[in-house]
Amino acid sequence: MPADYPPESIGLLPGDGDEYIVTSGGLRGQRGFFTRDATGAVVGVDLAGRLFARVPR
C-alpha cells in the first residue's frame with residue numbers, strides 16, 4: 001500500500017461477514033473485511049489481499 005494515501009471513508013456491507021468497501025479517495029471501490037479472534041474482538045483488517053494486524057496497546 002502506498003504510504004501517501006490519506007485516510008478515507010468506508011461503508012460496512014450487509015451480512016455477517018464483516019465486509020466493507022472504501023467509498024472515497026484513491027482506493028474507492030476496494031473491498032475488504034475485518035478478522036476477529038475467538039472472543040469477537042477485531043484483530044486485523046484485510047485490504048487488497050493484505051492482512052494488517054491490530055497492534056495491542
Side-chain angles (χ1 to χ4, degrees):
M1 300 294 301
D4 57 346
Y5 278 115
E8 298 294 351
S9 300
I10 65 168
L12 299 176
L13 296 171
D16 296 333
D18 283 336
E19 295 179 278
Y20 68 88
I21 188 167
V22 180
T23 58
S24 63
L27 296 175
R28 184 177 181 169
Q30 182 69 50
R31 297 171 76 131
F33 59 89
F34 298 100
T35 56
R36 297 180 181 269
D37 66 11
T39 68
V42 173
V43 294
V45 62
D46 173 274
L47 179 60
R50 299 174 106 180
L51 181 62
F52 296 87
R54 183 173 185 178
V55 177
R57 288 184 183 218

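Numbering starts at 1 and runs along the sequence shown. Every heavy atom of this structure was used, including side-chain atoms; hydrogens, water molecules and symmetry mates were not.
Residues satisfying the side chain to side chain contact (heavy atoms under 4.5 Å, CB included) test with Gln30, not counting sequence neighbours, are Val22, Leu27, Leu47, Ala48. By the side chain to side chain donor-acceptor pair (under 3.5 Å) test, Thr35 pairs with no residue at all, sequence neighbours left out. Under the side chain to side chain contact (heavy atoms under 4.5 Å, CB included) criterion, Ala41 pairs with Asp37, Thr39, not counting sequence neighbours.
Residues Leu12 and Phe52 share a hydrophobic cluster, clusters being chains of Ile/Leu/Val/Met/Phe/Trp/Tyr side chains in contact below 4.5 Å. Hydrophobic clustering (ILVMFWY, side-chain heavy atoms < 4.5 Å, transitive): Tyr5 and Ile10 are in one cluster.
Between Glu8 and Ser24, the shortest heavy-atom contact is OE1-OG, 3.0 Å.
Within the structure, no pair that satisfies the salt bridge (charged side-chain N to carboxylate O under 4.0 Å, His left out) test touches residues 23-34, not counting sequence neighbours. Residues in residues 10-23 take part in these side-chain hydrogen bond (donor to acceptor under 3.5 Å, both in side chains) pairs, two or more places apart or across chains: Asp18-Arg36.
If you chain together ILVMFWY residues whose side-chain heavy atoms come under 4.5 Å of each other, Ile21 ends up grouped with Leu13.
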